[in-house]
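Below is one structure, written out as structure tokens, with a few remarks after it.
Protein chains get the first letters and strands the later ones, always in sequence-line order, with residue 1 at the start of each. Side chains are part of it too, since the values below use all heavy atoms of this structure and drop only hydrogens, waters and symmetry mates.
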6 protein chains.
Amino acid sequence: MNILIVNPNTTQSMTRKIGAAAERAASPGTTITATCPDFGPPSIEGYYDEVFAIPGMIGEIRKHPEADAVVIACFDDTGLDAARCATGAPVIGIGEAGFHFASLISGKFGVVTTLARSIPAIEHNLVRYGLATRCSGVRASEVPVLDLEIPGSNAADRISEEIARAIAEDQAEAIVLGCAGMADLANRLADRHGLPVLDGVSCAVKLAEGLVGLGLRTSMNGGYARPRAKAYAGSFSAFSPGTN
Amino acid sequence: MNILIVNPNTTQSMTRKIGAAAERAASPGTTITATCPDFGPPSIEGYYDEVFAIPGMIGEIRKHPEADAVVIACFDDTGLDAARCATGAPVIGIGEAGFHFASLISGKFGVVTTLARSIPAIEHNLVRYGLATRCSGVRASEVPVLDLEIPGSNAADRISEEIARAIAEDQAEAIVLGCAGMADLANRLADRHGLPVLDGVSCAVKLAEGLVGLGLRTSMNGGYARPRAKAYAGSFSAFSPGTN
Amino acid sequence: MNILIVNPNTTQSMTRKIGAAAERAASPGTTITATCPDFGPPSIEGYYDEVFAIPGMIGEIRKHPEADAVVIACFDDTGLDAARCATGAPVIGIGEAGFHFASLISGKFGVVTTLARSIPAIEHNLVRYGLATRCSGVRASEVPVLDLEIPGSNAADRISEEIARAIAEDQAEAIVLGCAGMADLANRLADRHGLPVLDGVSCAVKLAEGLVGLGLRTSMNGGYARPRAKAYAGSFSAFSPGTN
Amino acid sequence: MNILIVNPNTTQSMTRKIGAAAERAASPGTTITATCPDFGPPSIEGYYDEVFAIPGMIGEIRKHPEADAVVIACFDDTGLDAARCATGAPVIGIGEAGFHFASLISGKFGVVTTLARSIPAIEHNLVRYGLATRCSGVRASEVPVLDLEIPGSNAADRISEEIARAIAEDQAEAIVLGCAGMADLANRLADRHGLPVLDGVSCAVKLAEGLVGLGLRTSMNGGYARPRAKAYAGSFSAFSPGTN
Amino acid sequence: MNILIVNPNTTQSMTRKIGAAAERAASPGTTITATCPDFGPPSIEGYYDEVFAIPGMIGEIRKHPEADAVVIACFDDTGLDAARCATGAPVIGIGEAGFHFASLISGKFGVVTTLARSIPAIEHNLVRYGLATRCSGVRASEVPVLDLEIPGSNAADRISEEIARAIAEDQAEAIVLGCAGMADLANRLADRHGLPVLDGVSCAVKLAEGLVGLGLRTSMNGGYARPRAKAYAGSFSAFSPGTN
Amino acid sequence: MNILIVNPNTTQSMTRKIGAAAERAASPGTTITATCPDFGPPSIEGYYDEVFAIPGMIGEIRKHPEADAVVIACFDDTGLDAARCATGAPVIGIGEAGFHFASLISGKFGVVTTLARSIPAIEHNLVRYGLATRCSGVRASEVPVLDLEIPGSNAADRISEEIARAIAEDQAEAIVLGCAGMADLANRLADRHGLPVLDGVSCAVKLAEGLVGLGLRTSMNGGYARPRAKAYAGSFSAFSPGTN
């Protein structure tokens, strides 16, 4: 089984870290391909970055028709809906993956993400997915995404402090880490705080394996219908949907 | 990895069918044990049956401390909360499993269950899980649970008719089959209706494999805390929670 | 008019206290019978205890066919749905009774219960009943249920402190006491805090009197339909639903 | 115990009918006083009529300081919030009374009212009370309020037809009659349709008896605080709130 | 274009201040008429005052049939529904106007009003309008309405303190001032706090200009249907709805 | 005052029609500039088209720093959040504009859009904006976007039929037309159906005039904070956010 992990930002070190986390989570027989676009933002911190990451991410998906499932490795599930229209394979966002798994092992889960400006997008996703009532709160550690790549930064400590607040003030029963770049911290933080800490990348790999294992694919009845055939103008012409 | 599948009713033929569906869904390396209690109702059709199924189901869980994960194989997720307090292993209900997987491959999913009297319990679960906004409607086929065990009954046709209505009238984009006894019908109905049809048993096996694979266990901060040690009176004394 | 009060735990001193509270609330012409099962948990503190209390509670209801109404005297309304299927008489939970009465005399009410582990079950009930939007918050005093039976414990003071917080921090306009064992504290706490403090036992008696007075009984259209006739296996055979 | 029933419209025949329904519902020892204002609309059919009914209704409440409880006998609970500020006695609207009682004996209840223009006000009340999720739908029979006073009109038949639709199309498990003028029809319609049919007037009497019996009064912490002392100008000067 | 601004209380100094704010907001070609009733409460602080302000307010609307649009200048949108039935012209409440404009320039807005007793009415409006999920919280400055008319009072400072709390504790991104009498403070407070501060009076003028400019009028299908013709009794006979 | 109208698709005839509708709605003193990108999809019909329209649309906004307000003229409010981060001027989507105006003149409004595949995106927006509870339903006429540009097509009739259904079956009190390309049909359809029919383009122009007239700009506290300065890779480098 081939699972394609697309990091929608262009930072290769982060792509490698995400790929390693996915490898650790993968079952025997699962092949992980981790990739990122070569155009767009180096990190996704808010709505503006997000929209410039999506075309490149869709491009990566189109380059990999052999994928049995696709994982979008940005916590705000950048471009998830468009990706589901772009391929017949199931597509999982790491944000939703973390939320669904946390819902299975806790009454209420908290989310600890990077910057406050990313909170509204995550909250909107929770409402759309239906899982907002299961979330005790989304908190920002105010660690910028790429600081997570800097060895020796105090990023882990700041995240840990915010987890402590989520437990004490919000009664969080589990914690979902709100950035693909935090994938390597989950186990250590779980031990420190004595409750489940979930990394969306590994959760998404497991959900992808499950969907592929059961032969389940995205429904094409409704909003995820294949795009109607039409010619896109100018520099996006290569993305034009063909006849389906 | 050992997954314990507990059918909370006492009907052995149904337990075997559920076990077979679980085996088909299981990955290499996963051992399935399917069991059912020897006391309680032969089928669960409404709130009354449900409460008399739970003690026996908890008993089965307690008999299998080797289980890495537990699946409750009744679509109304009978006794799920109590089961999560009874064991350190993660516990998955087949209802929630179907809802979570359907949420990943459709905008809105429909549910087709057995009797109308079971609809309110399913609707309550959807609200509690947070996924009610993702459900286009819960419909009853008016097929009693044990009719699904009778070769040559027209159960499959009646379920198929209700699926057709869910698509036409509710705009369901995927269908979750609302009874463990329907596990063998999913593929055929998916082909007939041209959209994903999910069986909760196999979805639950995949979620259980995923949680175990990542080492995730039920949080004990909150409602799923282990029961306080106390002596139960009379015939339930064997279920008394010990010191934890 | 005969009202049956079932304390679903097996602690007789608590049953007597609940019975006395019900007697104080009852109108002339109302006969109160307070009872509890002889098997099951001595107190209900969380989901696990709850499921082992229900069979005994249903048994008590079945022993009293002369009851015109039934009150379930545990604040999480243990087994309320099953009880409504088990008898033609109306069934009232003391939790819902407190919530409904508080909704009539305040904009938002707070709940102060025993242990934090009981909060999720109460919150789920509030959502199901529809009254979650009327509740300013559910708070735990961390007084175990049976401490309420110990003369000279500081239980009342700890509950009073939590009421003070509900008023100051949550803007609660009335307080519902979240355990049948607190029934004797309501008046004193109302005087101390200068706002309505409601005990669910007495509220349930009044609602039961009202429903019986008007000849209203549980609807059998829907989830509260009488259970289908079937034979339960093993030790629960005596609970098998007959033909209705 | 004295219960004041205020019909907020000026139609005396309807006041008498409401008073008779209240008498039938009242327990021994309860004295019913049914009254209506001498200025304002003869029937309340929509938002405009409503606001001109409230001053007269408040006037009636102020004329009866001996009342232990007040019932507002218009199904849209006209002026309920203002009335709760105007008196220390508990105040019950017949709409909310019907909704609360129906919630205790059914999973979902339907409402059948007079004119379609009254539906939005009833729906808003359901949302505010929190009970909208318990209502299967509000339907209009298109019977004007005062047609209910005309002997030989086909009003009862048109209401009955709409009840049949609520059961068949909305799966209503109980019916709340949506006008004080329908109080005398409840029993007959319950028999015809084989499910509980609730009249808000009698439900309100029972809730009032319950609250008074327990000594419960409206909280003054919050929106129901007594009005601040001030002088009203012109023709409303007699309604000026004094020092409280 | 003629816009009628009705201050529903009888305080003329406040009416003049509101009129001046409306004039400042009005476009060239818009004529503002600011008026208030000559009977009723001098300020609206809670539900009781509210119902005695509405008849006079409706009276002012009826005196000005030339108005192309009507603005109700009390923050709890006193009598908005009745006013929409009373005239063919569109009617805007200053509360809803502030909420709608704030929704266009922020993710979540906070509201700072006068007294705590007014909070529930504002919260109910937010729920009804649908915009409660956009509001980070309604806070009271505990400044009585008419203190806003007293030169040299510390009202502005107390409001400013509450705005600071809404930003720090509730993450409000914009502030809606919760009283018509605060109309002159918006710009100063916006400068001090560095985020948008909205005054409902000027927002309502702009919405009124927009609706009139597009020829949009209140729908008469539904709850805003014109009142049915009937004769009101007594002192309200002049308000009787005629044939429409 | 300069209002920039960006049609996010590349179809110039539609841009001209939208521009004309905006001109008709504009007040004296308002200058309308209508534009569209030169790369991207010719029409937006679902999630996939949407993401390829946004970069071009942001590009148009960046080309027009003189704009006092920006209107996004696609009914699913394509890229609205990103656009709000891209400019200090207020940004209005025509979908939200229609919803907000319809909320001011009706209790519940219906939406009639082009293709069924666009319904989920519109429903998600309604939930996010908070106005889902005000919407009676979103219906598709199954008229593709560019058919609206074809003289003599039966597009208007098909839209009209769907409006008739929204009134009869959903009790819609007003209709919002769900595509920028329907801007010229509003008045005719309003006359035919006897209720308000709103075109989002003209509503957005009026909201933009209002916000600019009051000097209101998007809050930068929260999700609409200006993007952090960073260098975008490859073909999107020209969109890199600078220091703000």
Side-chain angles (χ1 to χ4, degrees), chain A residues 9-11 36-58 78-86 115-124 127-128 144-146 220-228 230-237 239-241, chain F residues 9-11 36-58 78-86 115-124 127-128 144-146 220-228 230-237 239-241:
Chain A
N9 75 38
T10 60
T11 298
C36 66
D38 54 10
F39 66 107
S43 61
I44 300 180
E45 295 169 318
Y47 295 120
Y48 187 88
D49 291 338
E50 208 174 305
V51 297
F52 291 102
I54 299 175
M57 184 195 71
I58 301 279
T78 317
L80 176 60
D81 290 319
R84 283 192 177 137
C85 299
L115 302 180
R117 67 177 62 208
S118 295
I119 292 177
I122 295 170
E123 290 178 337
H124 291 148
V127 168
R128 276 196 48 189
V145 171
L146 296 182
M220 290 190 287
N221 292 26
Y224 299 134
R226 290 304 177 81
R228 302 182 79 220
K230 62 185 72 168
Y232 285 5
S235 56
F236 280 160
S237 60
F239 291 99
S240 300
Chain F
N9 75 37
T10 60
T11 299
C36 67
D38 54 10
F39 66 106
S43 62
I44 301 180
E45 294 169 318
Y47 295 121
Y48 186 88
D49 290 339
E50 208 174 304
V51 297
F52 291 101
I54 300 175
M57 184 197 72
I58 300 279
T78 318
L80 177 60
D81 290 320
R84 283 194 176 136
C85 298
L115 302 179
R117 66 177 62 207
S118 296
I119 292 177
I122 294 171
E123 289 178 338
H124 291 150
V127 169
R128 276 196 47 189
V145 172
L146 296 183
M220 289 190 287
N221 293 25
Y224 298 134
R226 291 303 178 80
R228 301 182 80 220
K230 61 185 71 164
Y232 285 6
S235 57
F236 280 161
S237 60
F239 290 100
S240 301

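Side-chain contact check for Tyr232(A) versus Asp49(F): some heavy-atom pair is nearer than 4.5 Å.
Contact count against chain A (heavy-atom pairs under 4.5 Å) is highest for Pro41(F) among Pro120(F), Ala225(F), Pro41(F). Of the residues considered (Gly234(A), Ala231(A), Gly223(A)), Gly223(A) shows the highest number of contacts with chain F, using heavy-atom pairs under 4.5 Å. Heavy-atom pairs under 4.5 Å with chain A peak, among Ser237(F), Gly46(F), Cys85(F), Pro42(F), at Pro42(F). Taking Ala82(F), Ala86(F), Gly40(F) one by one and counting their heavy-atom pairs under 4.5 Å with chain A, the maximum is reached by Gly40(F). Taking chain A as the reference chain and counting heavy-atom pairs below 4.5 Å, the highest number among Pro144(F), Pro37(F), Ser118(F) is found for Pro144(F).
Of the two parts of Leu146(F), neither the backbone nor the side chain holds a non-hydrogen atom closer than 4.5 Å to a non-hydrogen atom of chain A. Contact annotation for Ala121(F): neither backbone nor side-chain heavy atoms come within less than 4.5 Å of a heavy atom of chain A. If you measure heavy-atom distances from Glu45(F) to chain A, the contacts under 4.5 Å come from both the backbone and the side chain. With a 4.5 angstrom heavy-atom cutoff, Ser235(A) touches chain F via backbone and side-chain atoms both. For a residue to count as touching a neighbouring chain, one of its non-hydrogen atoms must lie under 4.5 Å from one of that chain's; by this rule Ser43(F) touches chain A with backbone and side chain alike. Neither the backbone nor the side chain of Ala83(F) comes within less than 4.5 Å of any heavy atom of chain A. Residue Asp81(A) touches chain F through both its backbone and its side chain, counting heavy-atom pairs closer than 4.5 Å. In this structure, no portion of Ile119(F) lies under 4.5 Å from any heavy atom of chain A. Neither the backbone nor the side chain of Ala116(F) comes within less than 4.5 Å of any heavy atom of chain A.
In plain terms, the two heavy atoms of Asp38(F) and Ala233(A) that are nearest each other are O-CB, 3.7 Å. Nearest heavy atoms, Phe239(F) versus Tyr48(A): O-OH, 2.9 Å. Closest of all the heavy-atom pairs between Pro227(F) and Arg117(A) is CA-NH1, 3.6 Å.
Under the 3.5 Å distance criterion, the side-chain polar atoms of Arg128(A) are left unmatched by any main-chain donor or acceptor of Arg128(F).
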